[in-house]
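Have a look at the structure below before the remarks.
A, B, ... follow the sequence lines: proteins, then strands. Residue 1 opens every chain.
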Amino acid sequence: MADDRGGGWFPPMDLFRSEPMHLVQLIIPIESVHLTVSYLGDIGLIQFKDLNADKSPFQRTYAIQIKRCGEMARKLRFFKEQMSKAGITISSKPNLLVDVHLDDVEARLGELESELIEINTNNEKLQRSYNEFTEYKLVLQKAGEFFKAALSSAEVKQREYNKSPHNQPVESLSIPLLKDDELKLGFLTGLVPKEKAMAFERILFRATRGNVFLKQTPLEEPVVDPTSGQKVQKNVFAVFFSGETLKSKIVKISDAFGANRYPFTEDLGKQTHMITEVSGRIIELKMTIEAGLLHRSTLLQKIGEHHEHWNHVVRKEKSIYHILNMLSIDVTKKCLVAEGWSPVYATRQIRRALRLAAIDSSSQVGPIFRVLHTKKLPPTFFRTNKFTESFQTIVDAYGVARYQEANPGVYTVVTFPFLFAIMFGDWGHGICLLLATLYLISKEKKFHGQKLGDIVGMTFGGRYVILLMSLFSIYTGLIYNEFFSVPFELFGPSAYACRDDSCSDATTMGLVKVRDTYPFGVDPTWHGTRTELPFLNSLKMKMSILLGVAQMNLGIILSFFNALYFGNRLNIWFQFIPQMVFLNGLFGYLSLLIIAKWYTGSQADLYHIMIYMFLSPTDDLGENQLFNNQKTIQIGLLLLSLIAVPWMLFPKPFILKAQHNRRHGNEDAYMPLEDIDDTLHGESNADCEGDHKFDFTEIFVHQLIHTIEFVLGAVSNTASYLRLWALSLAHSELSAVFYEKVLLLAWGYNNVAILIIGIVVFIFATAGVLLVMETLSAFLHALRLHWVEFQNKFYNGNGYQFRPFSFSLLEDESKLN
Amino acid sequence: MYGFEAMTFNIHGGYLEAIVRGHRSGLLTAADYNNLCQCETLDDIKMHLSATEYGPYLQNEPSPLHTTTIVEKCTLKLVDEYKHMLCQATEPLSTFLQYITYGHMIDNVVLIVTGTLHERDVQELLEKCHPLGMFDSIATLAVAQNMRELYRLVLVDTPLAPYFSECITSEDLDDMNIEIMRNTLYKAYLEDFYQFCQKLGGATAEIMSDLLAFEADRRAVNITINSIGTELTREDRRKLYSSFGLLYPYGHEELAVCEDIDQVRGVMEKYPAYQHIFGKLSYGESQMLDKAFYEEEVKRLCLSFEQQFHYGVFFAYMRLREQEIRNLMWISECVAQNQKSRVHDSVVFIF
């Protein structure tokens, strides 16, 4: 298949192209199917196709087992909730060595659940009565205080009354005011939640037309409500009323407000008696409850030891049954048919797993493995490691590569951090970034598989991208000679020195070259001079164009390798070559001019050359001439570029039409059967081939759009690379501003307080703006340059990912949730 | 009619409109209903629902399920969504959202009052109340003996208080009184809601007046049909009709004198908007009328999502979800009682 064809040309490298995939069919006898799928899940190299897509979940064969697994998962969640409530940690390492059967687990879980529920209900009952008694005790105390307070204040009043000489002495307080027994005041005491107290009082007032006396005092500490088991702030109340109807009303109202009523006596002796009795009960209950809790926690501890393991088993079983539901049952009901994609290299592993499963389940017939030929586009699968994974993710975020097309991920590993670093060139900031990412990498083992926050998680996922980004930005920072915007003479002294004492800091006037050119990067003398910006701008702008043209050329060359790989010569001759000619005729030439200018030190005006190359190509170049015959070469390049446009536009649709007609015309005649590989690749690379109808206008318009896009894109994409310069400029200017206007300014005051403030502001500005926000913006721009400017030259990105059925992936997923 | 909602609506309403439209896309589709109707047991229903937005609400329910649990959990989801929206809403949307629940409040009040009249346990009744129509002192309703007490004790604190002015009497409560009270309250509520929407203006007024008019007309028809053969006088009957809607005022005059279902039908067929609802029914039949009305309502509610920048979508979403829960209840009930042939009798497909 594909690897045979590619074998000679391309050594099998994991990331350049997707792994060769094939569609396989497994026919598995029903008795060994569970074990087979389990073994296949262990190796995790096959993506099953859903062969029952038209059936709803509960109509499938193994719906009952899935329901059972769901039920067990629910029980496990219940245990987990109970354990976290009880503060028992789940032992993290699962003892996977013990192989348990699902039925045993189910039975065990059922037992444990009913035991736990029983303990819980018992405990709840006890807890409830405990809470009730606590409330009762509080009511007794508080209400007792009401009566005592009322009595003592009345006594005081009476004493005062008796003391004044005008008044008649009154009889003792204990003699009732009204002798009528029928008019005895009744009262109710209880507890009402604090937030409802106001409404309670209001309703009581309304319902009884004010014929009650309500006294409330808030409790200092929240009590546990017996019904809900929650801690609530409550008020103790006592309502005094007269008559039976009122009593029933008040009872109803207090029920409606969730107010718990408790009996209470006026007799002081009885009160103290009741308090001691209640306290005794409370102590008793407390001991029982503690014993119950101890029992419960030992049970939970026991569950906690196995919880992780059971959870693992249940998840695994559930996933196996989900897969089994995707298989179609043979008419004889003796075997199941599975179809799925797998990488070609995994064939041996799969076969071994199948054999093992057949032996282990002592099935008489082994499963049948065969490769199916199909015209469907296989999924794309790259074997990434933890380092390349994040770079591949950057590419996949744009679109998953079409099956076996060139993978830009390989190049992204280097170009992405490099383009980032051009915009982020400062080796001081680079070192900060490096330290941060080294911290993340050193904590890799600890963080891996843990649920991190959004931002931390994202940073952690991209730790290797950031590592390379920081290394590259240290490199470019050394080239730009910037360390928090301060230059250093790292690679020897500056090449320039003052001719006499007349030269000031602000200009480069009066400097003469005294040594060899500064060996690496920008000469520190440039820093802070008036000509610094014009010099750096010119440098960075030209550099951006060079890098841009180089990267776009790489993109077009990749399209050549794609065309070669898929055997599409049309794309080589009528797409790749004219595109190369057009881009290099104009912007390749510009790059050449830039290099020539740097090399010769000429003062030629490149804008002028480029503009007049179009406007009046025959005019003499004058002082802008860089090399001999420049005019002739320019005219030649211009003509070539002009020819390249119709070259891209016209031939391809017409040739396609001719091919189609030829094929169509020959349909009656006998044709040799095409090789299956050809059809596979032929289908996967050209939209216009294949069985579907050939519509010339559509193809032509398509090609027209492509051509226009490329021609305009060549100009706009090159201009787009200038963002490298713009962002790099913005970064260095910002850091210069923070350094000079904050740190140096604060330094200038000669005041420790101001200096400290200045340093703090500088640190926060550097960390917040330069390290975080600038990193983000440079990252986004590098991303854009890759997605738009680089990948639109060759990348289809309309494939789909290979998602194998694998237990290890399942574990990772469940850990993150 | 149109204001310039498009310019300013999104400042306050944009986020919630997006939320509610997102919720709407979670409603069950015809394919879901088809699958649900094929379920054999309630566990199958749970299994199917676990793939929908109801999943998280049902997943921790132990296995022998009951219809009430399903309905309760589904309602809980609606309530959670409603509470979230109400929390995020600013005026006047928050008032609008509160208006939506008043209907449930009226129903709850009636439920409790009727229940206590028949000496049922208050806690039991409270469990049956719709959670959207709960208010603080609802349990106290049991204390009241007549309308005046009802009002003075409890309802004066609730938003329903203004609607009560029509029905304060010192008569003792009985079934008939309560039913009249319900309809009077509902009438006042609908009129108030209608006024409120008119005040909001713009697309909200336009769409809501249409939806509320339909609601008012449906109630008018139901009142007429239910009061045929009772001692309710024509004059009393006419008092219960809301003073807006397509039927107002001439249709109400005619409905007030109807003596049997065919006369009602005669009246309604004069209105093109309702012609086809009655066209579906055979003569003398009123069983299927509810379903026909529900179907028409669902159609109208769905249409309100076609316009942007108005509050009608919130009303429509709540109503559609309630319809969905009614559907689920019916399906689960049919499945639980092995009456699967009757599943389609009362299920109203939303999409």
Side-chain angles (χ1 to χ4, degrees), chain A residues 54-60 62-82 106 109-110 113-114 117 193 195-209 227 245-246 248-259 318 321-322 325 817, chain B residues 28-29 31-52 55-65 112 116 119 121-126 129 134-146 148-158 335:
Chain A
D54 51 332
K55 281 190 188 165
S56 56
F58 51 84
Q59 286 171 328
R60 300 185 178 207
Y62 292 93
I64 299 162
Q65 278 88 339
I66 286 186
K67 255 186 253 171
R68 272 171 59 198
C69 290
E71 187 65 22
M72 280 187 263
R74 186 192 63 73
K75 279 173 193 161
L76 286 168
R77 275 197 301 272
F78 171 69
F79 292 147
K80 194 168 182 183
E81 189 194 336
Q82 292 288 325
E106 193 181 16
L109 286 178
E113 196 199 17
S114 53
I117 287 177
E195 68 259 32
K196 286 186 184 168
M198 281 297 286
F200 178 59
E201 191 168 353
R202 198 162 56 224
I203 297 283
L204 270 182
F205 186 82
R206 281 193 205 134
T208 58
R209 296 166 203 244
T227 33
T245 37
L246 269 187
S248 70
K249 257 189 191 176
I250 290 169
V251 167
K252 266 188 186 174
I253 291 172
S254 58
D255 279 350
F257 276 90
K318 198 174 175 188
Y321 285 117
H322 267 299
N325 267 340
N817 285 333
Chain B
L28 300 180
T29 59
D32 286 318
Y33 283 119
N34 281 334
N35 278 335
L36 284 171
C37 292
Q38 292 165 12
C39 289
E40 295 291 337
T41 62
L42 289 183
D43 279 336
D44 287 345
I45 290 183
K46 177 187 164 190
M47 195 164 163
H48 186 85
L49 287 181
S50 65
T52 65
Y57 287 86
L58 284 171
Q59 69 173 5
N60 280 344
E61 288 310 309
S63 209
L65 273 175
I112 301 262
T116 32
E119 305 195 334
D121 182 31
V122 183
Q123 286 306 322
E124 193 185 309
L125 289 170
L126 281 179
C129 283
M134 288 303 232
F135 48 91
D136 272 346
S137 43
I138 189 160
T140 334
L141 286 171
V143 184
Q145 296 295 328
N146 56 32
R148 192 180 291 280
E149 275 193 343
L150 203 63
Y151 174 70
R152 215 168 43 82
L153 279 183
V154 192
L155 294 175
V156 69
D157 287 335
T158 66
V335 169

*Part of B/Thr116 lying under 4.5 Å from any heavy atom of chain A*: neither

_Contact class of A/Ala63 relative to chain B, heavy atoms under 4.5 angstrom_ = both

*Heavy atoms only, distances under 4.5 angstrom: which of B/Asn60, B/Asn34, B/Asp43 has the most pairs with chain A? Name it, please.*
B/Asn60

*Quick one: of A/Lys75, A/Arg202, A/Glu113, who has the most non-hydrogen atom pairs under 4.5 Å with chain B?*
A/Arg202

*Taking atom CD1 of A/Ile117 as the centre, report whether more than 12 heavy atoms of other residues, nucleotides or ligands fall under 6.0 Å from it.*
yes

*asked:* When you measure from the side chain of B/Thr52 to the backbone of B/His48, do you find a donor-acceptor pair of N or O atoms at a distance under 3.5 Å?
replied: no

*Polar side-chain atom of B/Asn35 near backbone of B/Asp32 as donor-acceptor pair, under 3.5 Å*: no

*Between B/Gln38 and chain A, which part of the residue has a heavy atom less than 4.5 Å away: side chain, backbone, both or neither?*
both

*What's the verdict on side-chain contact (heavy atoms from CB on, under 4.5 Å) for B/Leu36 and B/Val335, showing C-alpha distance, side-chain angles and the deciding distance?*
CA-CA 9 Å; B/Leu36 284 171; B/Val335 169; over 6 Å; no

*Where the side chain of B/Lys46 meets the backbone of B/Glu61, is there a donor-acceptor pair that is under 3.5 Å apart?*
yes

